[in-house]
There are 2 protein chains.
Amino acid sequence: MTDSPTKPRRYRGASGDQRRAERCQQLLDAGLSVIGDVGYQACSVRSICAAAGLTERYFYESFANKEALLAEIYQAQTDYLKANMLAAFTRAERNSEAFAHAGLHAFFDTLHQNPAVARLLLFEILGVSDTMDRLYYEVMEDFAVLIRSLASSLGLADIAHTPNQDIIYAGLVGAVIQIARRWALTGYQDSVDAVIGSSLFLFVATANYASPATQ
Amino acid sequence: MTDSPTKPRRYRGASGDQRRAERCQQLLDAGLSVIGDVGYQACSVRSICAAAGLTERYFYESFANKEALLAEIYQAQTDYLKANMLAAFTRAERNSEAFAHAGLHAFFDTLHQNPAVARLLLFEILGVSDTMDRLYYEVMEDFAVLIRSLASSLGLADIAHTPNQDIIYAGLVGAVIQIARRWALTGYQDSVDAVIGSSLFLFVATANYASPATQ
DNA sequence: CAAATTTGACATGCCTTCGTGTCACTTTAC
DNA sequence: GTAAAGTGACACGAAGGCATGTCAAATTTG
């Protein structure tokens with residue numbers, strides 16, 4: 001008896017690992033599409049498999065259950081969102097206003113271009129389970145770090161003097177998220193500039209109040 | 001054949017309507033308790049009935065389904081929260097800082113005293129259905145009005161000059177809500193004063209930026 | 001007390017989902 | 001070509017929830 005219980009074989013020009021990864025990606029894409037369309041709890045594993053053009057067996061090959069799929073999609077999409085924002089930062093002029101504007105534009109534009117992503121990130125993630133709630137918290141703290149760098153670009157070098165910076169940054173993240181939620185719930189009627197401008201307003205106000213030297 | 005298909009009878013010293021109302025209230029209380037304990041989607045109609053000491057028949061006597069119960073609890077608890085805040089306003093000294101502080105204290109304290117309410121309002125309400133998402137939106141807009149009165153108490157008579165007030169106020173609501181979420185997710189470790197102070201910081205910053213005359 | 005109504009405990013049928021299993025068919029390796 | 005591995009369609013049982021129904025016990029009215 002050798003240690004090779006299964007001999008991987010090439011299929012359709014791809015190795016076993018490649019095919020598995022491809023199927024996994026198809027499921028992630030289909031999951032995002034279906035969840036973004038009908039919501040997380042209203043969709044079934046079967047419907048996601050059908051959308052992916054795969055059968056249930058391949059679902060459980062890659063994910064333990066529906067929640068595991070949701071977690072991976074959430075991670076992937078928040079990473080994507082962060083990447084877009086970071087890219088926007090590097091592309092922007094090195095001027096406070098433009099810098100902050102670029103980051104917020106990347107944020108709102110990504111959600112606007114991908115309503116499924118918006119629905120998943122803004123609505124479907126809460127109240128699923130304690131595990132997912134914690135993941136939400138971690139992601140929010142992550143964004144707080146991003147916001148912090150954004151805020152520092154506005155001359156808000158440090159609210160360091162004020163106590164409980166973490167809470168204040170969490171609040172700013174919450175403000176932007178809520179503005180995005182409201183935007184989505186009203187069918188994206190407001191212009192992108194309006195939501196960016198209002199977010200920026202809150203940032204600048206906080207920055208100015210924290211260190212009015214820039215005024 | 002008369003028009004009286006059912007003759008209401010007194011039972012245990014209460015009329016039929018009274019008993020029905022009492023049962024309804026028991027279900028609302030039990031629903032809040034169970035949902036606050038295990039979450040909305042993890043709980044069943046049966047478990048709520050068991051917690052209420054009633055049987056399923058009486059559940060469907062008062063509610064069409066589990067979601068209808070959630071909606072009524074949500075309405076009742078947000079009303080309760082608003083009432084607490086309004087009461088705090090009237091009780092507070094007529095001085096900007098004390099006024100705003102009182103409202104925020106009522107908000108955070110109510111959530112802190114009732115973790116079940118906090119969980120339901122902050123986490124369990126989103127992603128349930130399109131209907132509930134809309135209800136969430138309406139409640140947030142309602143709170144924005146409250147925040148607006150709170151902000152005006154800070155001399156922020158009008159951000160009226162700035163465009164898109166609605167969006168900005170939605171952002172402020174989101175900031176407070178997110179601070180509350182974070183507070184709950186970290187086990188209410190921060191002091192009430194810390195979360196109030198940070199929220200106040202954002203309000204005052206926005207107020208000062210909008211109308212720096214108060215500075 | 002007797003009849004009628006209310007109540008509680010539980011049963012029932014229906015539905016949906018989950019996760020696994022079966023089996024014929026296709027594609028590759030030898 | 002043949003055997004083995006991969007694939008797809010579908011079946012299956014278990015589980016759980018929903019909403020309604022049954023029936024005996026308790027309570028009230030007359």
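Chain naming here is simple, since letters A, B, ... match the order of the sequence lines and numbering starts at 1 in each.
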Taking the six-membered ring for Trp, are B/H105 and B/H101 parallel (under 30°), tilted (30 to 60°) or perpendicular (over 60°)? parallel
Do B/N164 side-chain atoms and B/I167 backbone N/O form a donor-acceptor pair below 3.5 Å? no
Can you tell me how far C1' of C/dT20 sits from CZ of A/F59, to the nearest Å? 14 Å
Between atom CD in B/Q41 and atom C1' in C/dC18, what is the gap in whole Å? 14 Å
Check: protein-nucleotides 20-24 of chain D nitrogen or oxygen pairs below 3.5 Å:
none

Return whichever of A/N65 or B/R19 has its heavy-atom-nearest nucleotide of DNA chain C closer to the 5' end. B/R19
Gap between atoms NZ and P, on B/K66 and D/dG16 respectively (whole Å): 15 Å
Could you check whether A/R20 gets within reach of a base, just the sugar-phosphate, or nothing at all, counting any heavy atom under 4.0 Å? nothing
Partner of A/D190 under side chain to side chain contact (heavy atoms under 4.5 Å, CB included), picked from A/I179, A/V195, A/I196, is A/V195
Euclidean distance, atom CD of residue A/Q26 to atom C1' of D/dT7 [Å, nearest integer]: 13 Å
Rounded to the nearest Å, what distance is computed from the CG atom of residue B/L54 to the P atom of nucleotide C/dT6? 16 Å
Here the gap from B/E61 atom CD to B/R57 atom CZ, rounded to the nearest 0.5 Å, amounts to 8.5 Å
Using 30° and 60° as the class boundaries, would you call the ring planes of A/F89 and A/F99 parallel, tilted or perpendicular? parallel
Looking at the side chain of A/Y58, which of C/dC18, D/dT7, C/dT7 is the nearest nucleotide? D/dT7
B/D130/A/R119 salt bridge by N-O under 4.0 Å criterion: yes
From CG of B/L69 across to P of D/dA19 the rounded distance in Å is 12 Å
Can you spot which of B/L135, B/V128, B/L32 makes a side chain to side chain contact (heavy atoms under 4.5 Å, CB included) with B/L70? B/V128
Base, sugar-phosphate, or nothing for B/S44, non-hydrogen atoms under 4.0 angstrom? sugar-phosphate
Calculate the interatomic distance between B/Q18 atom CD and C/dT6 atom C1'; express it in whole Å. 15 Å
Between atom CZ in B/F63 and atom P in D/dG17, what is the gap in whole Å? 20 Å
